Structure formats: C-alpha cells, structure tokens
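Only one structure is covered here, and it is reproduced in the block below.
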Amino acid sequence: MHKSVVALLLLLAALGARAAELPPPQGRVILSVEGMIDVPGGIARFDRALLEALPQREIITVTPWTDGPARFEGPLLREVLARVGAQGARLEARAINDYAVTIPVSDAERYDVILALRRDGQPLTVRSLGPLWVIYPWSEHPELATETYYGRAIWQLERIVVVR
C-alpha cells in the first residue's frame, strides 16, 4: 500500500477514535458544539461534568467586569476544539440570551483562552455570568486588553458553531 494511503487511513482511524471517546452527557447540557467538527451525529454536547473532566487551566486576570483580579478555572478552548475535531477558522459563539460573537480559532491557538466554569473557586451560574464564560489571559498579555478581545469574552455561552 502506498505510504500516503496508509497515512490517510491512520489519520481517519485516529479521528474516529477521538470522536468515539466523547461520552454522552449525563447531566444538563451546558455547551453544544457543531459545524465543522468530527463527531458522530455532527453535534457535541457537554454537561458540566464532561467539561470538568477535561484538563483544567487557571487564569488570574483583571477584567472590565470584576473588581480587581479574579481567578477563573476551566478547560482550554483549544482542548475543547481538539476534543471535537474542529476544523474551521472561526467560532460563532452564542449566549443564552442570543448574544453572538465571532472568535477566530487562532485566538485559542495563540493564547490560553478558557471556557471558565468557576470564578474565585465558585461554580459560575446564570446569575454570575455562567455557566460558561470565555476568558482571555488579559493580565498575562496586555495586548489583549482591548475592546476587540473584551468583546469576544462572551458570558452565558451555550453554543459554538465552527465555521470556515
């Protein structure tokens, strides 16, 4: 068999294995990811437990919405995208109230952007701008402290559509 055919078969097998590893949610779904992804059925659903099972990252940062530095915890956005086999260049992110923003995938590749599940050790709820809030490492990267990146920090996130 030609080497490129073997490489393609190995890649397809790896993608299939990754998609098969995503267990179904047991609790209330708090995030759906769809679009250009590689999961059976074309949509990935995450409850809090599934997101908490991913490696967690902590960001301590100042935001325009908090008094002083706050500690946010959650999985890296790039980890969630890898988990679903995302293949697009942009993310159409939508909140519970239908607010929507576009986030370039390159943000997740370049910076440790997280889907925050906790703030200062407390689970985020709808009342506290959760259950998911996109948080950039503004204090670590002062170049991110602009209206552009603040505008991408969508709270009450519930859906991501991966697009070209």
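Computed from a prediction, not measured in an experiment: that's the story for all the values here. Side chains included, hydrogens not; waters and symmetry mates left out as well; all remaining heavy atoms used.
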Using only atom types and a distance under 3.5 Å, with no angle test, would you say the side chain of [X] pairs donor to acceptor with the backbone of [Y]?
| X | Y | answer |
| --- | --- | --- |
| Trp133 | Leu157 | no |
| Asp47 | Pro25 | no |
| Ser139 | Val62 | yes |
| Gln156 | Ile154 | no |
| Arg159 | Ile96 | no |
| Glu34 | Arg45 | no |

Given the rule in the side-chain contact (heavy atoms from CB on, under 4.5 Å) test, do Tyr149 and Asp107 qualify, once you have shown the distances and angles that lead to the verdict? CA-CA 9 Å; Tyr149 293 99; Asp107 284 6; 3.7 Å; yes
Any [X] side-chain heavy atom under 4.5 Å of [Y] side chain:
| X | Y | value |
| --- | --- | --- |
| Leu115 | Val80 | yes |
| Val101 | Leu91 | no |
| Arg48 | Pro123 | yes |
| Arg71 | Ile59 | no |
| Tyr136 | Thr63 | no |
| Arg78 | Asp112 | yes |
| Gln87 | Val162 | no |
| Ile160 | Leu77 | yes |

Could you state whether [X] and [Y] fall into the same hydrophobic cluster, counting links through intermediate Ile, Leu, Val, Met, Phe, Trp or Tyr residues with side-chain heavy atoms under 4.5 angstrom apart?
| X | Y | result |
| --- | --- | --- |
| Tyr111 | Ile135 | yes |
| Leu31 | Met36 | yes |
| Leu124 | Val29 | no |
| Val39 | Ile43 | no |

Atom [atom1] in [X], atom [atom2] in [Y]: separation rounded to 0.5 Å?
| X | Y | atom1 | atom2 | value |
| --- | --- | --- | --- | --- |
| Trp65 | Arg119 | CH2 | CZ | 11.5 Å |
| Leu117 | Thr125 | CG | OG1 | 12.0 Å |
| Asp120 | Ile60 | CG | CD1 | 9.0 Å |
| Leu129 | Thr66 | CG | OG1 | 10.0 Å |
| Gln56 | Ile114 | CD | CD1 | 8.5 Å |
| Leu54 | Arg83 | CG | CZ | 6.0 Å |

Aromatic ring proximity, centroids under 6.0 angstrom, Tyr150 and Trp138: yes
Return yes when atom CG of Asn97 has more than 12 non-hydrogen atoms of other residues, nucleotides or ligands closer than 6.0 Å, and no otherwise. yes
Crowded around Glu143 CD? As in, over 12 foreign heavy atoms under 6.0 Å? yes
Could you check Val84 against Phe46 for side-chain contact (heavy atoms from CB on, under 4.5 Å), going step by step and ending with a plain yes or no? CA-CA 11 Å; Val84 300; Phe46 294 87; 3.8 Å; yes
For Glu73 and Arg57, what are the C-alpha separation, side-chain angles and deciding distance, and is it a side-chain contact (heavy atoms from CB on, under 4.5 Å)? CA-CA 6 Å; Glu73 300 167 70; Arg57 183 64 62 105; over 6 Å; no
Salt-bridge criterion met for Glu52 and Arg118 (N-O under 4.0 Å): yes
Lys/Arg-Asp/Glu bridge criterion (N-O < 4.0 Å) met for Glu92, Arg90: yes
Indicate the atoms forming the closest heavy-atom contact of Gly42 with Ile37, along with that distance. O-CD1, 3.7 Å
Step-by-step side-chain contact (heavy atoms from CB on, under 4.5 Å) determination, Val134 to Leu132: CA-CA 7 Å; Val134 175; Leu132 290 172; over 6 Å; no
